[in-house]
Amino acid sequence: MNTIEELEKYLENECYSFRYLTIGKHHASEGIVIEKAKGEYCFAFSERGKKELIQSFRTEKELVDYALNELAEDKWSRAHLVAWAWKESEIKEAEKELNRMNIEFIRNDVPNYSRDKHVYRIFVFGRDILGLDAFRAKFMRQFFN
């Protein structure tokens, strides 16, 4: 892989999350930024409208290699939220279903999420998101209930 465009296509094919990643046609409000700016190839981080350069490179290939390594080492760069519930019994049902499908997941609960309400969440990673449309329709409850 030699170009930012090739990297973007690879990340799409491998089902990386673009929620916190800006590259090519994908624009996140905050997070990692991979771009060519002012004649340099840049790996940066943007937060609250302020972009901080992490590393710059003379060649596009160097940036692509660095970015791919950084993203590959961060499991959360491939994370997809697939279940959200206000009741623990509902999230346990989702866990059972994912286990039956042999899909790796992480349950990530948030106590006192909203008005002293506990929320239960499940994330899957990378290509495991494929084919989970019906699962998500069933287990993504209303965010504010």
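Any value given below was found using the heavy atoms of this structure, including those in side chains, with hydrogens, waters and symmetry copies removed. Sequential numbering from 1 along the given sequence is applied to the chain's residues.
- In the hydrophobic cluster analysis, where Ile, Leu, Val, Met, Phe, Trp and Tyr join through side-chain heavy atoms closer than 4.5 angstrom, V64 is grouped apart from V33.
- Contact annotation: the side chain of F105 approaches that of N99 to within less than 4.5 Å [non-hydrogen atoms, C-beta and beyond].
- For T22 (side chain) and A28 (main-chain N/O), a donor-acceptor pair under 3.5 Å exists by modelled atom type.
- To the nearest 0.5 Å, the span separating SG on C42 from CD on E52 amounts to 12.5 Å.
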- Verdict with supporting geometry, E70 and Q55, side-chain contact (heavy atoms from CB on, under 4.5 Å): CA-CA 12 Å; E70 289 294 308; Q55 183 119 9; over 6 Å; no

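- At least one donor-acceptor pair closer than 3.5 Å links the side chain of E8 to the backbone N or O of K25.
- To the nearest 0.5 Å, atoms OH (Y20) and CD (E47) are separated by 10.5 Å.
- Rounding to the nearest 0.5 Å places CG of L11 at 10.5 Å from OG of S17.
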- Any chance you could lay out the side-chain contact (heavy atoms from CB on, under 4.5 Å) test for R107 and K92, step after step, and finish with the verdict? CA-CA 10 Å; R107 181 168 146 187; K92 286 183 182 267; 4.3 Å; yes

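- Hydrophobic cluster membership differs between I54 and W76, with clusters built from Ile, Leu, Val, Met, Phe, Trp and Tyr side chains linked at under 4.5 angstrom.
- L71 approaches S77 most closely through the heavy-atom pair O-OG, 2.8 Å.
- Side-chain contact between Y120 and E90 is absent, with no heavy atoms from C-beta onward closer than 4.5 Å.
- The environment of E5 atom CD is sparse: at most 12 non-hydrogen atoms of other residues, nucleotides or ligands sit within 6.0 angstrom.
- With contacts defined as side-chain heavy-atom distances shorter than 4.5 Å, the pair N2/E60 does not qualify.
- Between atom CD of residue E97 and atom NZ of residue K138 there is a gap of 4.0 Å, rounded to the nearest 0.5 Å.
- For the residue pair H26/E12, the side-chain donor-acceptor check at 3.5 Å is satisfied.
- If you take CH2 on W86 and NE2 on H118, they are separated by 10.0 Å, rounding to the nearest 0.5 Å.
- Heavy atoms of other residues, nucleotides or ligands lying less than 6.0 angstrom from NZ of K9 number 12 at most.
- Criterion: ILVMFWY side-chain heavy atoms under 4.5 Å apart, direct or through other members. Under it, M140 and V124 are not part of a common hydrophobic cluster.
- R48 contributes no side-chain N or O that, together with a main-chain N or O of E30, makes up a donor-acceptor pair within less than 3.5 Å.
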- Any chance you could lay out the side-chain contact (heavy atoms from CB on, under 4.5 Å) test for Y41 and I4, step after step, and finish with the verdict? CA-CA 9 Å; Y41 296 96; I4 293 171; 4.2 Å; yes

- Query: Could you walk me through whether Y10 and L68 pass the side-chain contact (heavy atoms from CB on, under 4.5 Å) check?
  - Reply: CA-CA 10 Å; Y10 171 82; L68 184 56; 3.5 Å; yes

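- At least one side-chain heavy atom of F139 sits less than 4.5 Å from a side-chain heavy atom of E93.
- Taking CZ of F18 as the start and NE2 of H27 as the end, the distance is 11.5 Å to the nearest 0.5 Å.
- Annotation: side chain of I23 is not in contact with side chain of I32 (no heavy-atom distance under 4.5 Å).
- When all heavy atoms of R78 and D74 are compared, the closest pair comes out as NH1-O, 3.6 Å.
- Counting heavy atoms from C-beta on, the side chains of V82 and I103 never come closer than 4.5 Å.
- When side chains are defined from C-beta on, C15 counts as touching L130, because their heavy atoms get closer than 4.5 Å.
- Connection of I106 to V110 is established within a shared hydrophobic cluster, with ILVMFWY side chains joined at heavy-atom distances below 4.5 Å, either directly or through further cluster members.
- Annotation: side chain of L98 is in contact with side chain of M101 (closest heavy-atom distance under 4.5 Å).
- In the hydrophobic cluster analysis, where Ile, Leu, Val, Met, Phe, Trp and Tyr join through side-chain heavy atoms closer than 4.5 angstrom, F123 is grouped apart from I91.
- In terms of heavy-atom proximity, A72 sits nearest to Y16 at CA-OH, 3.7 Å.
- For the residue pair R121 and D109, the shortest heavy atom distance occurs at N-OD1, 3.8 Å.
- When all heavy atoms of L81 and I122 are compared, the closest pair comes out as CD1-O, 3.5 Å.
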